[in-house]
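For reference, the structure is listed below as structure tokens.
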Amino acid sequence: MTNATTAQKADILSQALPYIQKYNNKTVVVKYGGNAMLDDELKAAVMGDIVLLSCIGIKVVLVHGGGPEISGMLKKIGKESKFINGLRYTDEETRDVAQMVLAGKLNKDLTAQINAQGGKAVGLCGVDGGMVIVERKGGPVDYGFVGELVKVNPDPITDLLDKGYIPVITSIGMDSSGVTYNINADTMACYVASALKAETIILMTDIRGLLRDKNDETTLIPSVTISQVPPLIGQGIVAGGMIPKVECCVDTLKAGVKKAAIIDGRIVHAILIEMLSDEGIGTMIYHDKKEEA
Ligand SMILES: Nc1ncnc2c1ncn2[C@@H]1O[C@H](COP(=O)(O)OP(=O)(O)O)[C@@H](O)[C@H]1O
Ligand SMILES: CC(=O)N[C@@H](CCC(=O)OP(=O)(O)O)C(=O)O
């Protein structure tokens, strides 16, 4: 589009009007993380898109992870990362590293980038304002200091949104006695979007979307319904880090979020294409009966 004439640019802008109207004053949760967050140029473009969405009256909440950066820091201190079902096994030292990397480094870097591009961002994690209360994740597998939801207090987020700020939230929570926990960032995005009853949740990742064969990008599944998800996991088609993503989409839809999509964060302006055009990219997850909310 660099060679577009002024008239073409005006035309594209005017085509975005219905979408701008559709999302005006609505809450949209964007999850960003993984390898899609490692490229500085791409990261700056994503933060620019977030600022743009905020400027056109959309209440954007950015939830971010930083798994590769946590793994990198653990490696520096001589610790190997271990994942079970897409979740990091988090001993106490790993929890401390995750907290430092996510809440200390990445949250402030992303907040700074948005502010530098003219946005008004405030960086938080689930501990701030007692926003995300969790307990140690139960079940047959011990994940260590991985948190599972007890409750979300969305007030700090809605207060910021009402004042025109962009909340930038990372995936550390606390229990009722003040112990902090590591949370998968997709799961955190689900907690936040569900509590806010957001219009849409968009998960940006480093792959085209949900694939029938994860090694073949031509096998993109453009849409699935909630009831099609468990068999996809059961048959091993959805595995690893894709599990918390699809589960996040299903849980948010069940909580009343209208639209959930997994999109390719490596595509420049992927969020704008997804939100402000008819060109759905990636995979959309729907309710079984309602094709489009
Ligand atoms: N069916 C599938 N379709 C797409 N990706 C899949 C699938 N099953 C497993 N994956 C893996 O899930 C990864 C995305 O999860 P993850 O690496 O945790 O993302 P992020 O770091 O962006 O949160 C993909 O890169 C891919 O390797
Ligand atoms: C429990 C758990 O797995 N926590 C994640 C939190 C970060 C994350 O999810 O980051 P991405 O979105 O970049 O993958 C972790 O430690 O890697």
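Read the numbers this way: they start at 1 and go in the same order the structure lists the ligands and their atoms. The basis for the numbers below is simple: all heavy atoms, side chains too, and nothing from hydrogens, waters or symmetry mates. Note that this is a predicted model, so its numbers are computed, not measured.
- Between Y143 and Y89, the ring center distance fails the sub-6.0 Å criterion.
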Report all side-chain donor-acceptor pairs from residues 244-252 shorter than 3.5 Å, counting only partners two or more places apart or in another chain.
{"unit_1": "K245", "atom_1": "NZ", "unit_2": "D186", "atom_2": "OD1", "d": "3.2"}
{"unit_1": "K245", "atom_1": "NZ", "unit_2": "D186", "atom_2": "OD2", "d": "3.0"}
{"unit_1": "T252", "atom_1": "OG1", "unit_2": "C248", "atom_2": "O", "d": "2.9"}
{"unit_1": "T252", "atom_1": "OG1", "unit_2": "C249", "atom_2": "O", "d": "2.8"}

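- Looking at D39 and K43, no side-chain N of the basic residue comes within less than 4.0 Å of a carboxylate O on the acidic one, giving no salt bridge.
- Side-chain N/O atoms of Q99 and T180 include a donor and acceptor closer than 3.5 Å.
- Rounding to the nearest 0.5 Å places CG of L210 at 4.0 Å from CD1 of I221.
- We find that K137 and D142 are not joined by a salt bridge, their nearest charged nitrogen and carboxylate oxygen being 4.0 Å or further apart.
- Of the inter-residue distances, the one linking D206 atom CG with D264 atom CG reads 7.5 Å to the nearest 0.5 angstrom.
- In this structure, E93 pairs ionically with K79, as a charged nitrogen and a carboxylate oxygen lie closer than 4.0 Å.
- Ordered by chain and residue number, the residues placing a heavy atom less than 4.0 Å from ligand 2 are K31, G33, G34, G65, G66, G67, P68, I70, L87, R88, V146, S171, N182, I183, N184, A185.
- Partners of I273 by side-chain contact (heavy atoms from CB on, under 4.5 Å), not counting sequence neighbours, listed by chain and number: I267, S277, E279, I281.
- Within 4.0 Å of ligand 1, the residues that place a heavy atom are K31, G33, G34, D186, T205, D206, I207, G209, L210, L211, K214, I237, V238, A239, G241, M242, K245, listed by chain and number.
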